[in-house]
Amino acid sequence: AAAAPPDAGWTGEDVNGRIQTAPFELDDPSAIGELLQRVRPRAIVHLAARASGRDSDRDAVFAANVAGTQALLDAAAALQPTPRVLLVSSGYVYGETRPARPAVEQDPLGPLWKFGAYTDSKIEMESLARACRSFAIVARPFAHIGPGQAPAFALSSFARQLAQIERGACEPCLSVGDLTALRDILDVRDVVEAYVLLLGRGEPGEAYNISLAAPITMARALERLRAHAAVTTEVVQDPERLRPADIGCSTGSPAKLRRLTAWRPHYDLDTTLRDLLDYWRAQGRG
C-alpha cells in the first residue's frame, strides 16, 4: 500500500496544552493592543498578510501588509518588556536578481511600482521594521511550497490539477502561466525551521535571507512534479495566468543566516513536490 499522504500541518484550531487561538482583524489596532496586553508575549512571528503576487487589489494588500504591520508593531512597542518580533518579508523585495549573483541583505530594495502590489507592500513593511529596529527582525524567505499550500500559488495549482487528472475529474491538460521564471524553491518546513532559529538568535534591526542561491526554472520544477504523477499530461499556457510585472529571476544568498544559525534545508525538491502532490491526492478522497 502507498504511504499515507503527509499532514499539511496545523489547521488553525486550538491544540490542547499547546496552542490557543485568539482571532482578530489586522485593521483593528485596539483589538491587537488589547490582545497583546492580555497575553504579553515574549516573541511574535508576524505571518498575517495577503501573500499572493497575483493579488491586484493594492489598497487591500497595503491595508493588511503595511497598516496591519504598523498596528502590530505599535502594540508590541507598548509592552514592557518589549517582545522580539519576527516580520516575514519576501525575497521579492530585491526585484530582479541574477543567477550568477544571488541577492545579499545589503543590496538595495525595489524599485517600487515595478513588481506589483505585494512586493511593494513588503518593501514598505520593511521601512516600518527599520523604525523598530530595537526589537524587530526581518526574514526574507524566497519561494517556498509544501503540503497545504493554497492553489493560488503556481506549483500547488499544478499539483492540484495533476491530482484531479489522476482521479479522472478533468481532461489531461495542465493550465500554466509563464514557466521561464527562475526561482529558489524551498520547502515550507525548512522555512519554518529558519523562522524558529531567527526568533531565537536573530539580531534585532537585521534582515536575513532564507534562500538556496540555486534557482531553477518553473518549467523544470513542473517537469519534476509531472514525473511523480501517474498520468501523462499536455501543458497549455493560459493567458489569464501570465503576470506582466513578474520577476524573471529571484535568488538569494543564505550565507548570513547560515553563519548565524548553521541552517541547512532538510527537504530536497523532489521530496517536497511529491509531498505536495500527495496532499492534493488526499483532498479528493472520501
Side-chain angles (χ1 to χ4, degrees), residues 26 45-74 85-144 152-154 177-178 180-186 191 194-195 198 202-218 242-257:
L26 280 174
V45 181
H46 180 37
L47 285 159
R50 295 180 74 120
S52 174
R54 299 181 67 181
D55 197 332
S56 60
D57 188 339
R58 191 177 185 87
D59 290 342
V61 171
F62 269 66
N65 296 4
V66 182
T69 299
Q70 182 69 72
L72 178 69
L73 290 171
D74 289 346
V85 179
L86 182 67
L87 297 177
V88 177
S89 181
S90 168
Y92 290 148
V93 296
Y94 297 110
E96 194 76 33
T97 59
R98 301 194 309 274
R101 200 279 186 183
V104 295
E105 288 82 357
Q106 297 89 345
D107 288 346
L109 308 187
L112 289 166
W113 293 96
K114 184 174 182 180
F115 299 113
Y118 171 74
T119 298
D120 287 354
S121 75
K122 291 299 187 179
I123 294 172
E124 293 293 342
M125 187 199 77
E126 290 205 23
S127 71
L128 303 180
R130 287 191 288 276
C132 300
R133 59 185 307 114
S134 64
F135 63 91
I137 304 161
V138 172
R140 292 175 182 159
F142 283 66
H144 48 286
F153 298 88
D178 181 8
T180 63
L182 281 158
R183 295 287 184 265
D184 279 356
I185 303 177
L186 300 107
V191 173
Y195 293 160
L198 286 174
E203 186 70 27
E206 294 291 322
Y208 300 88
N209 291 340
I210 306 174
S211 53
L212 295 175
I216 69 168
T217 65
M218 294 298 290
L242 298 177
R243 299 203 302 274
D246 211 356
I247 294 168
C249 177
S250 179
T251 181
S253 168
K256 183 177 179 180
L257 173 64

Please name the pair of heavy atoms, one in [X] and one in [Y], separated by the smallest distance, quoted to 0.1 Å.
X    : Y    : value
Y208 : E203 : OH-N, 2.9 Å
S253 : V104 : CB-CG1, 4.0 Å
A214 : D184 : N-OD1, 3.0 Å
A136 : A129 : CB-O, 4.1 Å
P102 : A213 : CG-CB, 3.7 Å
A64  : R50  : CB-CG, 4.0 Å

inquiry  = Run the side chain to side chain contact (heavy atoms under 4.5 Å, CB included) test on L87 and L128 for me, step by step, so that the C-alpha distance in whole Å, both residues' side-chain angles and the decisive distance to 0.1 Å come before the verdict.
reply    = CA-CA 10 Å; L87 297 177; L128 303 180; 5.9 Å; no
key: N65 vs M125, side chain to side chain contact (heavy atoms under 4.5 Å, CB included): CA-CA, chis, key distance, verdict   = CA-CA 7 Å; N65 296 4; M125 187 199 77; 5.7 Å; no
request  = Carefully, step by step, assess H144 and I210 under the rule side chain to side chain contact (heavy atoms under 4.5 Å, CB included).
outcome  = CA-CA 10 Å; H144 48 286; I210 306 174; over 6 Å; no
Mind checking the [atom1]-[atom2] spacing from [X] to [Y]? Nearest 0.5 Å is all I need.
X    : Y    : atom1 : atom2 : answer
E96  : D246 : CD    : CG    : 9.0 Å
T217 : D178 : OG1   : CG    : 10.0 Å
S250 : R140 : OG    : CZ    : 11.5 Å
R183 : C249 : CZ    : SG    : 7.5 Å
T119 : K114 : OG1   : NZ    : 11.5 Å
L257 : L198 : CG    : CG    : 5.5 Å

key: side chain to side chain contact (heavy atoms under 4.5 Å, CB included) between E124 and F62, worked out   = CA-CA 9 Å; E124 293 293 342; F62 269 66; 3.6 Å; yes
Does any part of the side chain of [Y], heavy atoms only, come nearer than 4.5 Å to the side chain of [X], both counted from C-beta?
X    : Y    : answer
Q70  : V66  : no
E126 : R130 : yes
K122 : V138 : no
P99  : L182 : yes
Y118 : Y92  : yes

When you measure from the side chain of [X] to the backbone N and O of [Y], does any donor-acceptor pair fall under 3.5 Å?
X    : Y    : result
N209 : P254 : no
D120 : L112 : no
E206 : I137 : no

task = Classify the ring geometry between F142 and Y94 as parallel (under 30°), tilted (30 to 60°) or perpendicular (over 60°).
result =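 Judged by the thresholds at 30° and 60°, the geometry between F142 and Y94 is parallel.
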ask   = How would you list, by chain and number, every residue that makes a salt bridge (charged side-chain N to carboxylate O under 4.0 Å, His left out) with D107, sequence neighbours excluded?
value =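 By the salt bridge (charged side-chain N to carboxylate O under 4.0 Å, His left out) rule, D107 matches R101.
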